[in-house]
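Everything below concerns the one structure shown next.
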Amino acid sequence: MTSMENSTTASAATHLKKRSTRVAVIAAAAVLASAPYASAATQQASSKPVVTDVRTLAALDFTAGESPENITVGPDNSLTVSTLGGHTAAGERPALLRIDPSGHSTVLVAGQPGDAFSGITRGRDGTTYYNVASDDDSRAGVWKLPPGGTPRRVAALPADGLANGLALDPAGRTLYVADSSKGTVWAVPASGGKATAWLTDPALAPDPSVPFGANGLRFHRGAVWVSNSAHGTLLRIPVTAAGAPGRIHTVTSGLTSVDDFTFLNDRSDVVFAAQNGLNQVAVVHPDGTKETVLTASDGLASPTSIALRGDRIYITDAGFAEPHDAKVQRGTINPAALNCGPAA
């Protein structure tokens with residue numbers, strides 16, 4: 001996920017040897033997913049600024065485990081952000097953070113040391129669903145936090161997997177989970193119950209050199225969309241009337257070090273994708289062409305996920321590389337600069 005020089009890579013490798021937890025796979029991917037892909041297509045830089053006025057909304061403490069992983073935006077424009085906890089700081093707890101529009105941060109849920117909180121999504125009733133990656137069978141799985149309530153587990157997931165991206169279908173009945181280790185998308189009843197393997201396919205699998213396959217996941221316009229960090233691909237999987245997966249369509253390839261992603265809006269297939277290892281945000285157009293719209297010069301530091309609300313863009317920066325600049329950024333989108341055309 002994160003691009004590092006040789007010294008940084010060596011340091012990260014040493015760090016990994018000291019950790020036995022399954023969550024350390026996330027850190028392995030941070031080093032390995034920055035390797036170039038033989039099939040990588042040329043990615044053009046945008047000729048006009050698509051995103052402007054990028055600034056830090058909330059600075060987070062990497063050494064305290066506040067390495068942000070995923071993000072959602074609430075109706076009041078507050079953010080819910082998941083953190084990796086013990087992945088970045090041994091003994092620290094992962095958390096769900098509420099960040100208000102002024103940048104003030106509040107802990108909503110604190111997890112257990114050694115665990116990580118990954119993908120999050122929001123129901124129409126304000127319930128927050130989130131993944132817990134854990135070596136403990138009693139904690140690994142999908143959890144929910146109702147408004148004003150207490151967290152409880154919705155469904156167990158394999159502790160030897162790595163639950164990552166998470167999305168809820170528009171009916172609010174089914175949660176879809178990307179498993180980065182098992183090359184699987186799980187289906188989970190939002191009301192609670194047993195997780196079932198909705199789709200397992202080589203297109204979702206990790207790679208020996210990058211042990212981090214299916215990553216980000218969104219339910220969008222009748223399909224499950226998944227990014228694969230190992231393959232540098234963005235995939236679209238239609239959901240049939242019976243709820244089964246249709247044929248996998250590769251929207252684009254050569255999306256090096258892709259992490260999570262989101263859409264311009266509910267009606268558009270224009271994608272904003274975080275390229276963690278490259279410290280970039282790319283726009284992927286419906287025809288598969290790509291353009292870079294943000295880079296390290298905009299302050300990106302291992303971007304992991306993106307959320308959009310109107311013309312506002314929010315970016316979580318995990319800060320994997322020195323100086324570990326973990327934070328949440330905010331910017332403004334200029335839709336006219338996208339040059340997407342009516343098909344977008």
Side-chain angles (χ1 to χ4, degrees), residues 58 68-85 93-101 104-112 115-134 138-157 161-179 185-196 198 215-226 239 243 260-263 265-266 304-310 312 314 316 328:
E69 168 65 10
N70 213 250
I71 186 172
T72 64
V73 187
D76 61 353
N77 291 319
S78 67
L79 309 176
T80 304
V81 173
S82 61
T83 72
L84 294 175
R93 297 172 180 267
L96 289 185
L97 304 177
R98 180 186 184 274
I99 300 177
D100 68 25
H104 177 71
S105 176
T106 305
V107 175
L108 298 175
V109 177
Q112 295 299 312
D115 292 354
F117 290 175
S118 52
I120 55 179
T121 190
R122 182 185 176 90
R124 291 182 179 177
D125 64 352
T127 296
T128 299
Y129 300 89
Y130 60 102
N131 289 330
V132 176
S134 176
S138 70
R139 298 197 299 271
V142 184
W143 290 65
K144 68 185 293 185
L145 177 66
T150 57
R152 71 173 181 86
R153 189 162 68 163
V154 175
L157 289 173
L162 185 57
N164 205 329
L166 177 67
L168 181 65
D169 74 342
R173 290 195 294 264
T174 304
L175 292 153
Y176 295 88
V177 184
D179 191 320
V185 172
W186 300 95
V188 171
S191 58
K194 183 179 179 181
T196 58
W198 184 72
N215 191 326
L217 186 149
R218 292 284 184 269
F219 194 104
H220 179 72
R221 297 177 67 181
V224 171
W225 296 58
V226 183
V239 179
D260 204 357
F261 61 94
T262 195
F263 293 88
N265 56 53
D266 291 342
T304 54
S305 64
I306 298 168
L308 301 181
R309 172 60 63 85
R312 187 72 74 185
Y314 300 94
T316 53
V328 177

Item to complete: Could you tell me if the ring centre of W225 sits under 6.0 Å from that of F261?
Response: no

Heavy-atom side-chain contact between [X] and [Y] under 4.5 Å:
X: V142; Y: L157; result: yes
X: D169; Y: Y176; result: yes
X: V132; Y: F117; result: yes
X: T72; Y: T128; result: no
X: P147; Y: T127; result: yes

Worksheet item: Between the main-chain N or O of P146 and the side-chain N or O of R152, is there a donor-acceptor pair closer than 3.5 Å?
Response: no

Item to complete: Test D260 against every option in T304, N70, N215, N164 by the side-chain hydrogen bond (donor to acceptor under 3.5 Å, both in side chains) rule and name the one that passes.
Response: N70

Grab the two heavy atoms, one from [X] and one from [Y], that are nearest each other, plus how far apart they are.
X: S82; Y: S118; value: OG-O, 2.6 Å
X: G165; Y: N131; value: O-ND2, 3.7 Å
X: S78; Y: R98; value: CB-NH2, 3.5 Å
X: R93; Y: A110; value: CD-CB, 4.3 Å
X: G172; Y: A190; value: O-CB, 3.5 Å
X: A155; Y: G193; value: CB-O, 3.1 Å

Worksheet entry | Intermediate values then yes/no, side chain to side chain contact (heavy atoms under 4.5 Å, CB included), I306 and Y314 | CA-CA 6 Å; I306 298 168; Y314 300 94; over 6 Å; no

Nearest 0.5 Å please: distance from the [atom1] atom of [X] over to the [atom2] atom of [Y].
X: Y129; Y: L175; atom1: OH; atom2: CG; value: 6.0 Å
X: L168; Y: I120; atom1: CG; atom2: CD1; value: 13.5 Å
X: T80; Y: I71; atom1: OG1; atom2: CD1; value: 8.5 Å
X: T121; Y: F219; atom1: OG1; atom2: CZ; value: 11.5 Å
X: L96; Y: T83; atom1: CG; atom2: OG1; value: 8.0 Å
X: R139; Y: D115; atom1: CZ; atom2: CG; value: 4.0 Å

Practice prompt. Kindly write out the residues that satisfy salt bridge (Lys or Arg N to Asp or Glu O under 4.0 Å) with D125, not counting sequence neighbours, or none if the list is empty.
Written response: none

Worksheet item: Taking atom CG of D266 as the centre, does the number of heavy atoms from other residues, nucleotides or ligands within less than 6.0 Å exceed 12?
Response: no

Item to complete: Check whether more than 12 heavy atoms from other residues, nucleotides or ligands sit under 6.0 Å from atom CZ of R173, and answer yes or no.
Response: no

Item to complete: Check the pair V109 / Y130 against side chain to side chain contact (heavy atoms under 4.5 Å, CB included), numbers first and verdict last.
Response: CA-CA 11 Å; V109 177; Y130 60 102; 3.6 Å; yes

Item to complete: Kindly indicate, with the supporting measurements, whether the criterion side chain to side chain contact (heavy atoms under 4.5 Å, CB included) is fulfilled by W198 and T174.
Response: CA-CA 11 Å; W198 184 72; T174 304; over 6 Å; no

Practice prompt. Decide side chain to side chain contact (heavy atoms under 4.5 Å, CB included) for T316 and E69; before the verdict, give the C-alpha distance in whole Å, the side-chain angles of both, and the deciding distance to 0.1 Å.
Written response: CA-CA 7 Å; T316 53; E69 168 65 10; over 6 Å; no

